[in-house]
Amino acid sequence: MPELPEVETMRRGILGIVGARIVDVERVACPRKLISISPRIDLFRRRTVGRTIRAVERVGKRVVVRLDSDDAIILEPRMTGLVLVADPPTREHLRFRCKLDGGGNVRELLYWDRRGLGNVRLVSPQEFEAAYGREKLGPDALAMTAALFREQLGNSRRAVKVALLDQRAVAGIGNLYASEILHQAGIHPAARCDRISRAKWALIADATLVILQAAIRHEGSTLSDGTYRNALNQAGEYQNHHRVYDRAGELCSRCSNGKLIVRIVQAQRSTFYCPACQRK
DNA sequence: ATTAATGTTCAGAA
DNA sequence: TTTCTGAACATTAA
């Protein structure tokens with residue numbers, strides 16, 4: 001569930017680790033199956049202990065911890081991962097711990113993951129480029145313009161809602177925000193990309209920035225399962241501002257037609273939209 | 001008590 | 001080349 005706004009919130013929440021030195025890293029003994037951590041923890045430790053954290057960045061839906069060695073630790077939450085500098089929601093799903101020294105009052109960086117679909121990787125600059133470079137990831141969603149959208153998706157025959165989820169085209173948008181963005185833009189989720197006008201791509205570009213920035217301002221969306229938390233293990237608030245996501249059967253808050261929000265399935269995932277004010 | 005649904009990414013098929 | 005499908009996994013709702 002963590003999409004760009006949630007991952008960006010995690011990133012901002014751990015900025016206090018910049019300047020700290022890594023004292024130890026450990027794979028936390030977990031009663032269930034272990035998440036993927038690479039390379040092997042002994043090699044991971046050898047390449048990170050003693051290093052200083054130079055910066056904390058984000059690439060798409062991943063947190064990037066840059067070290068003074070030019071290696072980077074990549075934390076990829078996928079569905080239920082959390083990046084924390086506070087006590088985790090439960091003890092049993094803690095997966096990875098990085099002990100720190102000199103990072104203000106921050107003593108450790110944690111990776112917690114209930115379902116365990118996420119992963120932690122230590123990568124060289126070459127590996128970073130291969131895995132997260134322009135070949136693999138499109139421009140960041142916060143950097144999108146109408147021209148970039150047209151360049152990346154203008155010739156695709158896919159439905160626009162499905163295409164917005166393609167990380168090679170645009171990095172950072174996930175299922176929840178794709179629905180919210182298209183509602184804000186007034187565009188039907190099933191509209192084929194190659195039939196969307198320049199003017200409508202401009203609406204989509206504007207909506208992308210409006211929605212993602214608002215979601216970041218509210219520290220992301222914590223859905224009913226309560227999984228997503230910020231780096232201090234606090235819930236986000238943007239779920240209170242959703243206009244369509246998980247609101248099937250409710251009145252559209254924008255249009256006056258008295259139409260109800262509906263749920264459809266596209267590419268095996270839920271899409272929510274207003275049939276009255278979202279047009280192809 | 002079983003089954004479906006949840007959402008991200010990747011491998012492999014169409 | 002582009003698009004689609006299923007699997008990885010844990011937990012909850014039906």
Side-chain angles (χ1 to χ4, degrees), chain A residues 1-8 10 28 30-38 58-64 74-83 88-96 111-121 123 127-128 130-133 135-138 140-141 151-182 189-195 212 215 220-229 236 238-239 242 244-249 263-272:
Chain A
M1 193 220 91
E3 306 179 22
L4 185 151
E6 289 76 25
V7 178
E8 176 63 17
M10 294 174 186
V28 178
C30 196
R32 319 254 175 204
K33 249 182 192 157
L34 299 174
I35 64 155
S36 168
I37 295 177
S38 72
R58 177 183 56 77
V59 56
K61 301 174 187 174
R62 300 161 173 101
V63 173
V64 179
I74 312 297
L75 302 142
E76 182 178 338
R78 296 260 184 131
M79 286 293 292
T80 53
L82 297 179
V83 176
T90 67
R91 178 170 283 268
E92 71 166 326
H93 297 111
L94 187 61
R95 313 286 185 158
F96 174 84
Y111 181 74
W112 178 96
D113 195 335
R114 179 159 55 74
R115 285 173 70 173
L117 299 179
N119 59 75
V120 178
R121 295 180 64 187
V123 296
E127 290 168 326
F128 182 92
Y132 314 113
E135 292 279 298
K136 295 294 182 72
L137 288 182
D140 192 76
E151 198 175 310
Q152 295 296 99
L153 294 175
N155 295 325
S156 172
R157 293 179 296 275
R158 286 175 292 178
V160 61
K161 168 9 174 96
V162 175
L164 286 178
L165 303 181
D166 182 352
Q167 303 301 300
R168 305 176 76 115
V170 185
I173 299 173
N175 200 50
L176 190 164
Y177 292 104
S179 282
E180 293 296 327
I181 287 167
L182 291 175
R192 267 176 57 155
C193 288
D194 59 0
R195 300 198 182 144
L212 296 180
S221 301
T222 299
L223 302 183
S224 51
D225 71 355
T227 298
Y228 166 72
R229 322 290 286 183
Y238 193 67
Q239 66 279 4
H242 294 171
V244 288
Y245 184 81
D246 209 15
R247 293 194 181 283
R263 170 186 179 272
I264 61 171
V265 174
Q266 294 179 290
Q268 301 145 230
R269 300 150 117 145
S270 297
T271 298
F272 299 89

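Residue numbers start from 1 in every chain, and the chains themselves are labelled A, B, ... in the order their sequence lines are given, proteins ahead of strands.
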For this session: For nucleotides C:dG6 and B:dA4, find the distance between their P atoms and express it as a whole number of Å.
Result: 13 Å
Seminar exercise, completed: A:R269 atom CZ is separated from B:dT9 atom P, nearest whole Å, by 8 Å
For this session: Could you measure between the two P atoms, the one in C:dT1 and the one in B:dT9, and give it in whole Å?
Result: 23 Å
Problem set entry | Canonical and wobble pairing (Watson-Crick, G-U, under 3.5 Å) of DNA chain B, dot-bracket with | | .|||||.|||||||
Exercise. Should A:T80 be listed as having a side-chain N or O under 4.0 Å from OP1 or OP2 of C:dT11?
Worked result: no
Problem set entry | Atom-pair distance (CD1 on A:I35; C1' on B:dT8), nearest Å | 15 Å
Problem set entry | Phosphate-side-chain proximity, A:H93 and C:dT11, N/O vs OP1/OP2 below 4.0 Å | yes
For this session: Using the test ring pair (Phe, Tyr, Trp, His ring centres under 6.0 Å), find all partners of A:Y111 that sit at least two apart in sequence or belong to another chain.
Result: none
Exercise. What's the CD1-C1' distance between A:I37 and C:dA8, to the nearest Å?
Worked result: 16 Å
For this session: Just jot down the salt bridge (charged side-chain N to carboxylate O under 4.0 Å, His left out) partners of A:R121, sequence neighbours excluded, or say none.
Result: none
Problem set entry | P-based separation of C:dT5 from B:dA5 [nearest Å] | 15 Å
Exercise. With a 4.0 Å cut-off on heavy atoms, is A:T227 in touch with a base, just the backbone sugar-phosphate, or nothing at all?
Worked result: nothing
Problem set entry | Residues that A:R192 engages under side chain to side chain donor-acceptor pair (under 3.5 Å), provided they are two or more places apart | A:D194
Problem set entry | Closest to the A:R158 side chain, choosing from C:dA10, C:dC4, B:dT9 | C:dC4
Problem set entry | From C:dT3, C:dA8, C:dA10, nucleotide with atom closest to A:R157 side chain | C:dT3
Problem set entry | Length of the CD-P vector between A:E76 and C:dA8, whole Å | 17 Å
For this session: For A:Q268 and C:dA7, give me the distance from atom CD to atom P, rounded to whole Å.
Result: 11 Å
Exercise. In whole angstroms, how far is the C1' atom of B:dT8 from the CZ atom of A:R62?
Worked result: 9 Å
Exercise. Which nucleotide in the set C:dG6, C:dC9, B:dT8 lies at the smallest distance from any side-chain heavy atom of A:R115?
Worked result: C:dC9
Problem set entry | Pairwise side-chain contact, A:R269 with A:V162, heavy-atom cut-off 4.5 Å (strictly under) | no
Exercise. What heavy-atom pair brings A:G236 and A:T222 nearest, and what distance separates the two atoms?
Worked result: N-OG1, 2.7 Å
Seminar exercise, completed: Tightest non-hydrogen contact, residues A:R95 and A:R115, listed as NH2-C, 3.9 Å
Exercise. A:F96 versus A:I37: any side-chain heavy-atom pair under 4.5 Å?
Worked result: yes
Problem set entry | Atom-pair distance (CZ on A:R95; C1' on C:dA8), nearest Å | 12 Å
Exercise. Which residue lies toward the 5' end of DNA chain B, A:A131 or A:M79, if each is placed at its nearest nucleotide?
Worked result: A:M79
For this session: Sequence neighbours left out, what passes ring pair (Phe, Tyr, Trp, His ring centres under 6.0 Å) with A:Y228? Give chain and number order.
Result: none
Seminar exercise, completed: Ordered by number, residues from residues 161-180 of chain A within less than 4.0 Å of DNA chain B (heavy atoms) are A:Q167, A:G174, A:N175
Exercise. Just wondering, do A:L75 and A:M10 contact through their side chains at under 4.5 Å, heavy atoms?
Worked result: no
Problem set entry | Protein-nucleotide distance (A:Y132, atom OH; B:dT9, atom C1'), rounded to Å | 11 Å
Problem set entry | 5' precedence on DNA chain C between A:D225 and A:A267 (nearest-nucleotide basis) | A:A267
Exercise. Less than 4.5 Å apart, any side-chain heavy atom of A:V160 and any of A:L153?
Worked result: no
Exercise. How far apart are the C-alpha atoms of A:R58 and A:D140, what are their side-chain angles, what is the distance that settles it, and do they pass the salt bridge (charged side-chain N to carboxylate O under 4.0 Å, His left out) test?
Worked result: CA-CA 10 Å; A:R58 177 183 56 77; A:D140 192 76; 2.7 Å; yes
Problem set entry | Side chain of A:L117 (C-beta onward), nearest among C:dC9, B:dT9, C:dT3 | C:dC9
Exercise. At under 4.0 Å, does any side-chain N or O of A:S156 touch on OP1 or OP2 of C:dT2?
Worked result: no
